[in-house]
2 protein chains.
Amino acid sequence: MEENKKYTIAVRIWIEEADGPFLGIGKIWLLENIAKTGSITNAAKEMKMAYRQAWQLVEEMNKRAEKPLVEKLLGGKGGGGARLTEAGERAIQTFYELEKKIQDFARKETLNLKF
Amino acid sequence: MEENKKYTIAVRIWIEEADGPFLGIGKIWLLENIAKTGSITNAAKEMKMAYRQAWQLVEEMNKRAEKPLVEKLLGGKGGGGARLTEAGERAIQTFYELEKKIQDFARKETLNLKF
DNA sequence: CAGCAGTATTCCTTTTAAAACATACTGAAA
DNA sequence: TTTCAGTATGTTTTAAAAGGAATACTGCTG
C-alpha cells in the first residue's frame, strides 16, 4: 500500500484595477491596524513594518481608490494621526466577504487531492 | 457625478502540502513545457528561466509528490531528456480543473466592486 | 572511444527588494 | 515660541533572490 500524503488547496484573492494589483490582504491588515491604533506609525509598529512602507501603501490606496480609504491628520494635538473613511471601512468588509465566499467554495470543491 | 473606476477580482490558487506551498501555476507551466519540449533544458529556454532553477523545481516536485511527476532520462541518444509521468499529466489536469471552477465562481460573485 | 546533448551541481556575480537611517514639516496646546 | 508625536520624503545599507558561468557526469551512437 502506498504512502498517503495530505494535500489541500489554498486560495488567495485580491482586487485588480487598471494599473495592476490594487488591494490584497496585506493592505487590508494595514487598514485594520490604522483603524485600531489611530495612526500609520502605530499601525506599522503593530505589524513590524517600516513606517515608510506603510505610508507608501496608504498613499497608493488613496490615489487609486475612487475616494481615499484613509484620512490623514497632520500636526496638532498628538502630532496628528490617521483614520479610515467610510470607503475604507467598506473596503475591509467587502474584501472579507468576497474572500470568505470564495474560500468556502474552494474548500467544498476539494476532496481527495492526489499527486 | 463621480468617477467610475473598474475593479475586478483576481484569484490565485495553489496546492499546499505539509511543508508549505507545493504546486502552483509556475510549476504547472514548467510541467507543460517539459511535456512539450521533451527536456528540462528546452522547457527552461522556452520560459526564459535558468536551467538551474527549472531543475530545482523539478527536484522539489518529485520529492514532495507521492510519486514523481517528471521522469528524467540521463545520457544516451540526444543526451537524455525529461518527460511527464502519469502522475505529472494528472497533476496538470487536476490543477486546471480546480482553477477554472474557482475562478468561474469568483467571477460570478463579482459585481459592481466599488472602492 | 570521441562526440554529443541533456542532466547534475557548485560557485560567483548581479539585480532587486526590503530595511534602516536621517531629517523636514505640521499644527494644537502648554 | 517651544514641545511633541505623527506625517512626509530622500538617501543609504543590507539581505535575499535571481541569474550566469563553469564543470563534471551519463550513456547511446557513429
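Any value given below was found using the heavy atoms of this structure, including those in side chains, with hydrogens, waters and symmetry copies removed. Chain identifiers are assigned alphabetically (A, B, ...) following the order of the sequence lines, protein sequences preceding nucleic acid strands; residue numbering begins at 1 within each chain.
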Spell out, yes or no, whether Tyr7(A) and Ile9(A) are grouped together once hydrophobic residues are joined by side-chain heavy atoms under 4.5 Å, including indirect joins.
yes

With clusters defined by side-chain heavy atoms of hydrophobic residues (ILVMFWY) lying less than 4.5 Å apart, directly or transitively, does Trp14(B) cluster with Leu113(A)?
no

Heavy atoms within less than 4.0 Å of DNA chain D: which residues of residues 50-59 of chain A have one? Give them sorted by number.
Tyr51(A), Arg52(A), Trp55(A)

Mind listing the closest non-hydrogen atom pair of Ala43(A) and Leu30(A) along with its distance?
CB-CD1, 4.2 Å

Considering only heavy atoms, which members of residues 39-46 of chain B lie under 4.0 Å from some atom of DNA chain D?
none

At under 4.0 Å between heavy atoms, how does the protein contact nucleotides 22-30 of chain C? Give one character per nucleotide, 5' to 3', with B, S or -.
----BBS--

What side-chain hydrogen bond (donor to acceptor under 3.5 Å, both in side chains) pairs are there with at least one residue in residues 79-92 of chain A, not counting sequence neighbours?
Glu71(A)-Arg83(A)

Taking atom P of dT7(D) as reference, at what distance in whole Å does atom CG of Asn62(A) sit?
13 Å

In plain terms, say whether Glu17(B) and Lys6(A) are close enough for a salt bridge, that is, a side-chain N and a carboxylate O under 4.0 Å apart.
no

Where along residues 20-28 of chain B does a heavy atom fall under 4.0 Å from DNA chain D?
none

Mind checking whether Phe95(A) and Met47(A) sit in one hydrophobic cluster, side chains of I, L, V, M, F, W, Y counted as touching below 4.5 Å?
yes

Within the 3.5 Å criterion, strictly below it, is a donor on Tyr96(B) or Glu32(B) matched to an acceptor on the partner's side chain?
yes

Is there a path of hydrophobic side-chain contacts, each under 4.5 Å between heavy atoms of I, L, V, M, F, W or Y residues, that connects Met49(B) with Leu84(B)?
yes

Taking Glu99(B) for its side chain and Ile13(B) for its backbone only, find out whether a donor-acceptor pair lies under 3.5 Å.
no

SB check Lys108(B) Asp104(B) (cutoff 4.0 Å):
no

Separation of dG27(D) atom P from Lys72(B) atom NZ, nearest Å, is 14 Å

Could you list the donor-acceptor pairs under 3.5 angstrom formed by side chains in residues 52-60 of chain B, with sequence neighbours left out?
unit_1: Glu59(B); atom_1: OE2; unit_2: Lys72(B); atom_2: NZ; d: 2.2
unit_1: Glu60(B); atom_1: OE2; unit_2: Lys27(B); atom_2: NZ; d: 3.4
unit_1: Glu60(B); atom_1: OE2; unit_2: Arg64(B); atom_2: NH1; d: 2.8

Do Leu73(A) and Ile34(A) land in one hydrophobic cluster if side-chain heavy atoms of ILVMFWY residues count as linked below 4.5 Å?
no

Step-by-step side-chain contact (heavy atoms from CB on, under 4.5 Å) determination, Leu31(A) to Met61(A):
CA-CA 10 Å; Leu31(A) 290 180; Met61(A) 275 190 269; 3.8 Å; yes

Rounded to whole angstroms, how far apart are NZ on Lys48(A) and P on dA20(C)?
11 Å

